[in-house]
Engineer: 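The structure under discussion is supplied below as structure tokens; questions concerning it will follow.
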Amino acid sequence: MQFTELLQLLFSGVALGMIYALIAFGYNITFSTSRTLNFSQGDFLMLGAFVSYSIIGAMVAGKRALPGWHIFFLCLLGAAILGAGLAIVLQQVAIKPALKTGSDVSWILATISLGIIAKNVAERVWTTDDVPVRSPLGANAWQFFDGKLSIDPREFMIIVAAGLIMFAFEIFRRKSMLGKAVTAVASDKDAASLMGINVPVVITFSFMVSCAIAAMGGVLVAPLTFASASMGALLGVKAYAASVIGGLQSGLGVVVGGLILGMSEQLTARFISTGYKDTPGFILLIIILLVKPDGLFGKAAVKKV
Amino acid sequence: MLEIKDLHVSYGLVRALQGVSLNVPDGKLVCVIGSNGAGKTTLLRSISGLLKPSQGSIQLAGKEELVGRKPHMVTRSGVAHCPEGRRVFPEQTVTDNLILGAFSTMKKTGQAEMRKDIQNVFTIFPRLQERREQQAGTLSGGEQQMLAIGRALMSRPRVLLLDEPSMGLAPVIIDEVFKRLAELKERGITMLLVEQLAFRALGVADYGYVIENGKIMIEGEASKLMNDPRVKEAYLGGG
Ligand SMILES: Nc1ncnc2c1ncn2[C@@H]1O[C@H](COP(=O)(O)OP(=O)(O)OP(=O)(O)O)[C@@H](O)[C@H]1O
Ligand SMILES: [Mg+2]
């Protein structure tokens with residue numbers, strides 16, 4: 001095994017990890033504001049993938065031509081808008097009533113059910129098949145060091161774009177008034193409302209951002225994995241595992257958790273067996289749940305009266 | 001400025017306020033004193049919309065009814081509530097806490113005015129300026145109290161509600177807090193202060209009410225209440 005091969009494996013692991021991280025980042029946002037999360041986040045990713053499939057199909061002539069960057073950004077925008085719009089529906093029908101009753105079971109089941117509905121609708125609206133989605137960077141590997149190191153441009157795109165999306169949200173959270181309000185609602189709802197912040201609106205907003213981010217993840221991942229109605233479920237579960245490993249309470253934690261999971265999958269697949277690729281990550285998950293239930297970066301939630 | 005009439009509030013079967021009436025005139029500092037569990041916090045939380053009274057009215061400036069308004073709308077009408085236990089946003093910086101205080105007024109007043117207001121708060125509480133980039137959760141209790149008051153001032157309130165600003169603070173720090181309250185009064189800010197430390201509160205207030213078991217028992221000019229034998233007896237040594 002050569003060093004360059006290891007590098008390539010790690011690169012693929014980081015790319016996969018960034019997808020988990022992106023979904024988990026969304027879990028973190030809504031969990032911080034409402035102590036609930038959208039278990040159908042993976043299906044929002046799937047919808048984003050199909051949105052880009054449709055936009056590219058409609059706007060790029062020829063079956064082979066690569067979509068231009070403006071088309072790519074249009075895909076991201078379309079996915080984000082659909083994600084944010086559906087998030088309002090999700091929040092109104094699944095989360096809000098559940099928060100009133102105070103029952104955890106109801107929002108968990110309600111968000112899972114909406115995910116199943118989304119999958120069925122996608123099968124009807126689009127297809128039950130796996131369909132290819134073109135990337136603006138193409139699919140031909142980039143060769144370095146006389147072909148010893150080859151980098152998949154679609155993975156490169158995932159890493160860069162997912163990183164930028166999360167970075168942009170962090171800047172927004174720190175610098176803008178609305179972003180500061182999101183953090184304030186996350187730490188103390190009563191105090192936030194005394195600032196004149198409309199807390200339910202901010203919670204809805206956090207769901208819109210979270211679902212928009214997941215849908216944009218679909219645009220990024222589709223060129224690599226194809227778009228399919230069933231692509232979301234497993235990604236959503238693994239991203240949840242990633243966020244538990246890193247700590248659902250910590251934005252940085254969920255990203256690290258995603259990267260750990262992604263790399264462990266790639267390394268296991270190469271050195272042990274593809275059949276066992278998910279095993280180490282889930283063993284780690286179980287260990288974390290036993291010894292550090294708040295996750296690697298979890299702060300024991302500060303109880304506020 | 002603020003007129004409360006026959007306010008009733010219950011937590012289930014616990015009747016926390018039973019017909020409270022009081023008046024906070026423009027530019028005055030009014031205090032409500034009472035011991036643990038008398039209903040002071042309940043009173044302020046009802047004014048700011050965090051609790052729903054079962055009966056009674058709360059009028060702002062003689063025309064706006066606050067009962068039934070959501071807390072963020074009460075804040076937007078010009079009532080700032082500096083809550084019990086300070087409740088600063090611990091993970092955000094001192095400056096961010098102040099900026100959040102201006103959430104309801106920023107759109108109207110704009111960025112430049114907000115910066116001016118922050119400077120203004122720093123003039124009143126110089127210690128906050130030194131710590132402006134520090135996370136609020138790392139401030140001392142006294143500094144957090146100053147921040148909570150400063151944050152409430154950021155919305156340029158018509159009435160400032162203060163819930164036990166002395167809570168959990170050392171006597172010298174309490175002295176400082178009350179000195180600042182006296183300065184705010186000089187600036188003409190209308191305040192409703194609830195306190196356990198009866199004599200400290202009466203020392204800065206214009207007018208006082210004594211609350212017991214959710215009912216106003218005594219009221220009068222602050223200077224008169226200080227010498228009232230019933231107050232002296234109930235709060236002997238209280239501040
Ligand atoms: N959430 C609640 N549920 C039930 N009863 C409550 C609740 N909050 C307060 N009470 C009761 O209402 C009454 C008034 O409480 P409140 O907190 O207003 O008192 P307080 O005067 O602010 O006391 P302190 O000086 O200790 O802060 C008390 O008898 C208290 O036990
Ligand atoms: Mg109290």
Side-chain angles (χ1 to χ4, degrees), chain A residues 25 28-35 96 99-100 102 169-206 247-254 294-295 297-305, chain B residues 41 44-45 47-51 69-93 95-111 114 133 135-137 144 147-148 150-157 160-163:
Chain A
F25 193 71
N28 166 258
I29 296 171
T30 65
F31 189 76
S32 73
T33 55
S34 67
R35 291 287 173 277
K96 212 179 192 175
L99 285 182
K100 282 218 179 75
F169 183 74
E170 278 308 312
I171 297 290
F172 163 80
R173 173 141 63 182
R174 288 198 167 79
K175 298 291 174 202
S176 72
M177 187 59 122
L178 184 55
K180 289 178 211 283
V182 171
T183 309
V185 168
S187 59
D188 189 333
K189 286 184 192 38
D190 276 358
S193 70
L194 293 180
M195 302 299 108
I197 296 169
N198 190 340
V199 173
V201 167
V202 168
I203 291 178
T204 304
F205 173 74
S206 71
L248 200 44
Q249 308 261 15
S250 153
L252 177 65
V254 295
D294 289 318
F297 289 75
K299 15 187 194 249
V302 189
K303 278 264 180 272
K304 287 179 192 91
V305 192
Chain B
T41 300
L44 294 199
R45 288 174 66 86
I47 299 172
S48 56
L50 291 167
L51 291 173
R69 279 193 198 177
K70 294 258 162 33
H72 67 274
M73 293 314 290
V74 174
T75 306
R76 291 177 195 185
S77 353
V79 178
H81 180 170
C82 179
E84 181 175 73
R86 310 181 255 282
R87 310 279 285 265
V88 295
F89 301 110
E91 282 154 28
Q92 286 166 289
T93 63
T95 307
D96 278 354
N97 269 270
L98 294 176
I99 292 175
L100 282 162
F103 187 90
S104 58
T105 41
M106 241 286 271
K107 268 191 226 114
K108 253 181 284 156
T109 57
Q111 192 89 17
M114 183 190 71
E133 291 311 316
Q135 282 196 331
Q144 288 190 19
L147 177 56
R151 183 181 66 176
L153 289 172
M154 286 297 294
S155 64
R156 301 184 174 182
L160 175 58
L161 313 177
L162 295 149
D163 195 339

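Not measured: the values here are computed from a predicted model.
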Engineer: Just wondering, do A/N198 and B/R76 contact through their side chains at under 4.5 Å, heavy atoms?
Structural biologist: yes

Engineer: What heavy-atom pair brings B/F89 and A/D188 nearest, and what distance separates the two atoms?
Structural biologist: CE2-O, 3.8 Å

Engineer: Would you say that A/D190 contacts B/R87 through its side chain, given a criterion of any heavy-atom pair below 4.5 Å between the two side chains?
Structural biologist: yes

Engineer: Is there a donor-acceptor pair under 3.5 Å between the side chain of B/Q92 and the backbone N or O of A/K180?
Structural biologist: yes

Engineer: Would you mind checking which part of B/I99 comes under 4.5 Å of any heavy atom in chain A, side chain (CB onward), backbone (N, CA, C, O), both or neither?
Structural biologist: both

Engineer: For the pair B/T75 (side chain) and A/L194 (backbone), establish whether a donor and an acceptor sit closer than 3.5 Å, ignoring hydrogens and angles.
Structural biologist: yes

Engineer: Any chance you could lay out the side-chain contact (heavy atoms from CB on, under 4.5 Å) test for A/K189 and B/L50, step after step, and finish with the verdict?
Structural biologist: CA-CA 11 Å; A/K189 286 184 192 38; B/L50 291 167; over 6 Å; no

Engineer: With a 4.5 angstrom heavy-atom cut-off, could you sort out which part of B/M106 is near chain A: side chain, backbone, both or neither?
Structural biologist: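 The side chain, not the backbone.
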
Engineer: Measure the spacing between NE2 of B/H72 and OG of A/S193 and express it to the nearest 0.5 Å.
Structural biologist: 9.0 Å

Engineer: Does the pair A/R174/B/D96 count as a salt bridge with the N-to-O cut at 4.0 Å?
Structural biologist: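 Looking at A/R174 and B/D96, the cut-off is not met.
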
Engineer: I need the A/M195 CE to B/L100 CG distance, nearest 0.5 Å.
Structural biologist: 7.5 Å

